[in-house]
Q: 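I'd like to ask some things about the structure below.
Counting from 1, the numbers follow the sequence of the chain as shown. Both counts, for ligands and for their atoms, begin at 1 and track the order of listing.
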Amino acid sequence: MSLRLLLVRSIALILLATLAFGALLVYLHAVEKVSADMRVAMAVGRRIVDNAVDDADEVALPRRRLELLVADFNGDRNLRAVLFNPDNSLAFYSYLQPPEHLVSPFLFNLLAGPPVVETVQLPPAFKNLGTLMLESDAHNEVADVWNDAALPLTILAVFCGFVLLVLYFTLGRALKPLEDLTFAFARIGNGDYRARVASFAPRELTRLSSGFNEMAIRLAEMEHRNLRLHEQLETVQEEERIELARNLHDEVSPLLFSVDVDAMTIKELAQAKDLRKIVERAHAIRSAVADMKRNVKALLGQLRPSGLHALSLASAIENLLSYWKSRRPEIAFSAECPDKSWGTRIDSALYSIIRESLNNSVKHTQPSHIEVLIEETHHGVLVVRVLDDGSGFESSAATGGFGLIGMKERAALLGGTLVVENRRDRPGVAVTARLPLPSDADEAYPAVEEIAAQ
Ligand SMILES: Nc1ncnc2c1ncn2[C@@H]1O[C@H](COP(=O)(O)OP(=O)(O)OP(=O)(O)O)[C@@H](O)[C@H]1O
Ligand SMILES: [Mg+2]
């Protein structure tokens, strides 16, 4: 059941209960009123009869007096007077005033009790003339009571119906934003990040719609960035493959060809039994094979660019700095790095962070000094800093780069943080990574090779 119908149903039940309670109170009051009015009417009727017959001794025509007495009750709203002959046959009876509104027998039975019938004690002068009875009739009273109660009950019922109607439409409008939101979430779930919702009018929901739209924009941006990263990765891999093919072609193929030629020459020289030249060719083959080994080794080195598989982190950083020193001799490079390993994953992350930070410093500014500092705090945190004294970092500058993102992701993957900010003490940029150290680094972070081998 929809939330709208659920709310309307609950409120309808409350209104119905109120209506029923109101009707019960009205009913109890009506029953009491009808019964009280009948008692009063009967008392008044008795008094009228008493007054009419209290001068019995002076009455010349007592029978006539009784007939007139019965006639006096004609048109009464609640009482009927009936005169029986001494032989109990019906002599006279009065007629009631007809009710202004007709009431159904059901309603009459509900509100009025059984009629009250009283035989009036007549003075001795009237005794042999017949019996006088008074009988109550509540039709007029019930009609009046019902007439009085029907209007307020109708107003109450109309009010309840109106409240329900207004509630139904108001809830429909109020809950519309939630319906829109559900629909938009379904679109996001299906990967359609263009889904947006209109700004919701109720103040409480405005933040919901703006929050949803911001989330959708962020997701769309992330998807776009992922796509670009993926494309970049593919381009890099493609370039690497092309470079590898070129190297194999340029460096190894000619050597293989020369080995092939030398082998064929040896065959001819063997037939001519020219041992001296055979030895010369064999030397040439060995030298070509040595060149090939060197080239293949260089290619393997390219395939494992960090060089961390063979070197310690400190030596790999040293190599990196040498690389830059040879290309940018005007910059002074220095490093303070303990000669130890924190496990393959941490070492490799540190190396990548330092390499990208150096790239950025050299690429984006003209520093005169770049420092690399690695230290282990007493609290089991590894702090890595790369500081330059270049022109500094403009956080507002739009960038399509992935270096900073990549560094931050690497730090986050190890449960750490990475901050890139301008130095406070002087111009330049400070890259600071803080990585928590596990008690046993290699146990907590298994090497990539180990994961691949599993
Ligand atoms: N050491 C630095 N000094 C000054 N600006 C820097 C420094 N490091 C980063 N920046 C600024 O931060 C931006 C983002 O750097 P990031 O490494 O993410 O991208 P990139 O170097 O431009 O491209 P990519 O790394 O993808 O080749 C740079 O464009 C640059 O403006
Ligand atoms: Mg960069």
Q: Which residues pass the ring-ring contact (aromatic ring centres under 6.0 Å, His included) test with F393, not counting sequence neighbours?
A: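 Applying ring-ring contact (aromatic ring centres under 6.0 Å, His included) to F393 gives none.
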Q: If you look at every heavy atom in L321 and A335, which pair is closest and at what distance?
A: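 Looking at all heavy atoms of both residues, the shortest contact is CD1-CB, 3.5 Å.
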Q: Below 4.0 Å, non-hydrogen atoms only: which portion of V420 touches ligand 1? Side chain, backbone, both or neither.
A: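 No part of V420 comes within reach of ligand 1.
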Q: Check whether more than 12 heavy atoms from other residues, nucleotides or ligands sit under 6.0 Å from atom NZ of K325, and answer yes or no.
A: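 Above 12, so yes.
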Q: Taking the six-membered ring for Trp, are F212 and F185 closer than 6.0 Å centroid to centroid?
A: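 When the ring centroids of F212 and F185 are compared, they turn out to be within the sub-6.0 Å range.
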Q: Just to be sure I'm reading this right: ignoring hydrogens, which of G392, G428, G406 gets closest to atom 5 (N) of ligand 1? Compare them by their nearest heavy atoms.
A: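 Among G392, G428, G406, the closest heavy atom to atom 5 (N) of ligand 1 belongs to G392.
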Q: Quick one: which ligand 1 atoms are inside 4.0 Å of a heavy atom on T365?
A: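 Those qualifying, in numeric order: 3 (N), 4 (C).
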Q: How does E394 reach ligand 1, if at all, at less than 4.0 Å between non-hydrogen atoms: by side chain, backbone, both, or neither?
A: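 For E394, no heavy atom sits under 4.0 Å from ligand 1.
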Q: Would you verify whether the NZ or CZ of R4 falls within 45 degrees of the ring axis of Y168 while also being under 6.0 Å from that six-membered ring's centre?
A: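 Relative to the ring axis of Y168, which defines the angle, R4 lies inside both limits.
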Q: Only heavy atoms of S361, strictly under 4.0 Å: list the atoms of ligand 1 that pass.
A: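 The list of qualifying atoms is 1 (N).
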Q: With a cut-off of 2.8 Å, which protein N/O/S atoms are close to the Mg ion (ligand 2), if we only count those under it?
A: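 Under 2.8 Å from the Mg ion (ligand 2) - ignoring waters, which are not counted - the protein N, O or S atoms are E356 OE2, N360 OD1.
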Q: Quick one: closest heavy-atom pair of I370 and S361, and the distance?
A: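 I370 and S361 have their closest heavy atoms at CD1-CB, 3.6 Å.
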Q: Would M407 count as a contact of ligand 1 if the rule is a heavy atom under 4.0 Å away?
A: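 The answer is no, since M407 has no heavy atom less than 4.0 Å from ligand 1.
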Q: In a check of side chain to side chain contact (heavy atoms under 4.5 Å, CB included) between F106 and each of V103, N109, L110, which one passes?
A: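 Single side chain to side chain contact (heavy atoms under 4.5 Å, CB included) partner of F106 among V103, N109, L110: L110.
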Q: If you measure from each heavy atom of G390 to ligand 1, is any distance below 4.0 Å?
A: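 In this structure, G390 fails to qualify as a contact of ligand 1 - no heavy atom is under 4.0 Å.
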Q: Report, in ascending order of atom number, the atoms of ligand 1 lying under 4.0 Å from any heavy atom of L404.
A: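 In order of number, 12 (O), 14 (C), 15 (O), 16 (P), 17 (O), 18 (O).
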